[in-house]
Amino acid sequence: MTERQYLVGVDIGGTKIEAVLLDSSHAVVASHRVPARRGGDNVVADVVGLVREVAGERLGDVARVGMGTPGRVDSATGRIANVVNLDIDTLDLGPLVSERLGGVPVHVDNDVNAAAVGAARVLCGDDTAGTVVFLNFGTGLAAGVLVDGVLQHGYSGAAGEVGHVPVDPNRFDCPCGQQGCLETVCSGASVARLWPTADGRPPMPDLIGKARSGDADARRVLAMVTHAIGDTLQIVAQSVDPRLIIIGGGMAKTGAPLLEVILDELHGRETSCPFLKGLELGARLRLVPADAPLGAIGAAYAA
Ligand SMILES: [Zn+2]
């Protein structure tokens with residue numbers, strides 16, 4: 001074995017931090033997760049601890065460490081800012097982690113971008129040719145765009161921020177200051193607001209199930225949500241004409257029923273629009289595989 005052939009990826013979330021160790025064939029050979037603790041000092045300590053845990057005796061053979069994190073990320077410096085869930089105002093995450101690990105090169109990217117890389121790798125393997133869009137229907141709504149396997153950050157790092165395109169006809173107020181952002185209707189958090197469920201059950205499967213059984217309120221809310229998803233898909237698809245559109249984020253755990261209601265929405269639009277029908281967007285849709293540590297895998301690849 002040659003020196004420094006392992007990669008470590010770390011997915012920093014609001015509730016947990018997860019790390020994976022990839023070997024030279026890019027297989028996951030170790031993984032570990034811990035509950036997230038708030039505050040910059042804790043986050044740095046937990047990331048360093050996780051890297052040591054998954055690398056074990058191979059720490060000296062780790063070529064690079066990649067991290068994906070919510071908030072604003074400056075990939076050039078490794079500085080992160082405004083990570084509200086973890087009480088971080090600003091933090092030099094990259095430099096601090098590198099220093100504590102003896103100077104190993106580190107890379108910091110945002111969590112949606114990392115998940116996009118991970119999802120594309122898991123679904124496409126090494127066949128990364130063309131444009132792939134990852135849509136994260138999580139707490140927020142954002143896209144990660146890959147061209148030939150390379151993340152597109154854009155001029156200011158805002159590439160893929162489709163969630164704050166203000167086109168939804170319901171005109172709900174968005175925390176960003178606009179009204180009608182797509183994120184106010186079809187993010188996971190928005191569906192939970194529009195369709196509250198008891199016992200912490202996920203809202204989307206419940207919403208789809210009730211709508212299918214004829215519940216008028218559920219049908220109305222589901223129509224709002226799928227309309228916003230349809231707009232989101234058309235905006236990204238007609239902007240960059242991707243080969244694949246990968247549906248991810250917490251909402252993707254709904255599984256096949258989510259794909260079915262999205263396809264119903266697209267088919268409805270296609271009946272009146274030969275142009276849209278010709279794009280065959282439905283055939284380009286994929287759901288992320290359930291329970292794979294996509295964010296951590298992607299962070300390792302993005303490093
Ligand atoms: Zn907004």
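One-based numbering, in listed order, for ligands and for the atoms of each.
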Quiz item: Does the D215 side chain pair with the main chain of D217, one donor and one acceptor, at a distance under 3.5 Å?
Solution: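 Present.
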Quiz item: Is there a side-chain contact between F134 and N113, using heavy atoms and a 4.5 Å cut-off?
Solution: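 They are not in side-chain contact.
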Quiz item: Do V185 and I229 have side chains that get closer than 4.5 Å, going by heavy atoms?
Solution: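 A side-chain contact is absent here, since even the closest heavy-atom pair is not under 4.5 Å.
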Quiz item: Around the Zn ion (ligand 1), what protein N, O or S atoms are found below 2.8 Å?
Solution: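 Those protein N, O or S atoms (cut-off: under 2.8 Å from the Zn ion (ligand 1)) are H164 ND1, C174 SG, C176 SG, C181 SG.
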Any carboxylate oxygen within less than 4.0 angstrom of a Lys/Arg side-chain nitrogen, looking at [X] and [Y]?
X	Y	answer
D74	R79	no
D231	R269	yes
R212	E260	yes

